[in-house]
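Below is one structure, written out as structure tokens; the observations come after it.
The analysis underlying the following values was restricted to heavy atoms, covering all of them including side chains, and did not include hydrogens, waters or symmetry mates.
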Amino acid sequence: MVSTASMRSLVCNACMMVTELFSDIGEDALIQLIKNYVEAHYAENIYLKTVAEETGLSYAYISHYFSEKQGMGFADYLNSVRIEKACELLKDWKIPLKEIGESVGFGSMNTFVRNMKKFRGMTPDAYRKANSDI
């Protein structure tokens, strides 16, 4: 039987080897892998746990590594990408705000509005008006 301490040591050593492997590959292949995954799946209901499963790395390791390298947590990064995509869609006045929020992955209008205020300092409607060509 393997002790908890031994198992923890094995996992830590494996994570350090993975970090070294990724740092040898390029600028930061793990961060790029996570960003690419978010870019491809931002409209879906994704979590860091999903990314961890996709990469085969632990949730705790990816969470710490991503936050350390990006200066923000995974959820904030995901929501910032969603807001960036929403801002592009807000240029089209034909698309209802609720539809925009849903199409970029926000489960409710409240969540969409809260994140717009957080990342752009205004509501979706105010952003649309402030950035319209009309």
Side-chain angles (χ1 to χ4, degrees):
M1 178 141 239
V2 178
S3 71
T4 304
S6 296
M7 186 60 94
R8 184 174 293 135
S9 177
L10 283 170
V11 170
C12 286
N13 287 337
C15 288
M16 287 179 8
M17 289 189 314
V18 168
T19 301
E20 288 174 21
L21 173 67
F22 278 116
S23 66
D24 289 344
I25 292 173
E27 178 197 338
D28 202 327
L30 179 56
I31 295 298
Q32 196 56 52
L33 179 73
I34 294 168
K35 286 181 170 183
N36 290 343
Y37 186 86
V38 168
E39 188 66 32
H41 301 279
Y42 68 87
E44 301 168 22
N45 196 16
I46 62 171
Y47 301 95
L48 186 57
K49 181 181 178 205
T50 313
V51 178
E53 289 169 358
E54 290 289 322
T55 62
L57 299 171
S58 78
Y59 169 89
Y61 175 74
I62 289 182
S63 176
H64 175 75
Y65 189 80
F66 190 84
S67 295
E68 184 179 286
K69 296 291 184 180
Q70 288 301 116
M72 71 171 64
F74 177 79
D76 277 346
Y77 177 74
L78 172 60
N79 287 330
S80 73
V81 169
R82 287 175 170 166
I83 291 300
E84 196 66 38
K85 303 296 183 182
C87 287
E88 287 299 312
L89 295 173
L90 285 166
K91 293 175 183 174
D92 185 348
W93 281 76
K94 295 175 193 150
I95 307 172
L97 297 176
K98 185 175 185 337
E99 187 178 319
I100 291 173
E102 290 171 353
S103 73
V104 298
F106 291 114
S108 72
M109 192 64 186
N110 286 341
T111 304
F112 180 33
V113 170
R114 185 172 56 255
N115 279 282
M116 276 295 295
K117 287 180 178 179
K118 179 177 183 176
F119 292 103
R120 291 293 189 265
M122 59 184 77
T123 65
D125 190 46
Y127 182 89
R128 177 178 263 175
K129 289 175 182 169
N131 292 282
S132 72
D133 295 331
I134 297 175

Practice problem: Answer yes if the side chains of Asp28 and Gln32 hold a donor-acceptor pair under 3.5 Å, and no otherwise. | Solution: no
Quiz prompt | Check: Phe106 and Asn79 side chains under 4.5 Å, non-hydrogen atoms | solution = yes
Quiz prompt | Exercise: identify the closest heavy-atom pair between Ser103 and Ala43 | solution = O-CB, 3.3 Å
Quiz item: Can Leu90 and Asp125 be said to form a side-chain contact (heavy atoms from CB on, under 4.5 Å), step by step?
Solution: CA-CA 8 Å; Leu90 285 166; Asp125 190 46; over 6 Å; no
Practice problem: Hey, could you give me the OG/CZ distance between Ser108 and Arg114, rounded to the nearest 0.5 Å? | Solution: 6.5 Å
Exercise. State whether Lys35 and Glu39 are salt-bridged, where the test is any N-O pair (Lys NZ or Arg NE/NH1/NH2 against Asp/Glu carboxylate O) under 4.0 Å.
Key: no
Quiz item: Do Leu57 and Leu30 have side-chain heavy atoms sitting under 4.5 Å apart?
Solution: yes
Quiz item: Any ion pair linking Lys94 and Glu99 (charged N to carboxylate O, less than 4.0 Å)?
Solution: no
Self-check item: Nearest heavy-atom neighbours spanning Val104 and Ala86
Solution: CG1-N, 3.8 Å
Quiz item: Cluster question for you: counting only ILVMFWY and a side-chain heavy-atom cut-off of under 4.5 Å, with indirect links fine, are Tyr37 and Met72 together?
Solution: yes
Exercise. Would you check if the side chain of Arg128 reaches a backbone N or O of Thr123 as a donor-acceptor pair within less than 3.5 Å?
Key: no
Quiz item: Same cluster or not: are Tyr47 and Tyr59 linked, directly or through other Ile, Leu, Val, Met, Phe, Trp or Tyr residues, by side-chain heavy atoms under 4.5 angstrom apart?
Solution: no
Quiz prompt | Aromatic plane relationship, Tyr77 with Phe66 - under 30° parallel, 30 to 60° tilted, over 60° perpendicular | solution = perpendicular
Quiz item: What heavy-atom pair brings Ala52 and Ile62 nearest, and what distance separates the two atoms?
Solution: CA-CD1, 3.6 Å
Quiz prompt | In one Ile/Leu/Val/Met/Phe/Trp/Tyr side-chain cluster, 4.5 Å: Met109, Leu89 | solution = yes
Practice problem: Please report the C-alpha distance between Asn115 and Arg82 in whole Å, then the side-chain angles of each, then the deciding distance to 0.1 Å, and finally whether the side-chain contact (heavy atoms from CB on, under 4.5 Å) criterion is met. | Solution: CA-CA 9 Å; Asn115 279 282; Arg82 287 175 170 166; over 6 Å; no
Practice problem: Step by step, work out the side-chain contact (heavy atoms from CB on, under 4.5 Å) result for Gln70 and Tyr65. | Solution: CA-CA 8 Å; Gln70 288 301 116; Tyr65 189 80; over 6 Å; no
Quiz prompt | Residue pair Ser80 / Lys118, side-chain heavy-atom distance below 4.5 Å | solution = no
Quiz item: More than 12 foreign heavy atoms under 6.0 Å from CZ of Phe119: is that the case here?
Solution: yes
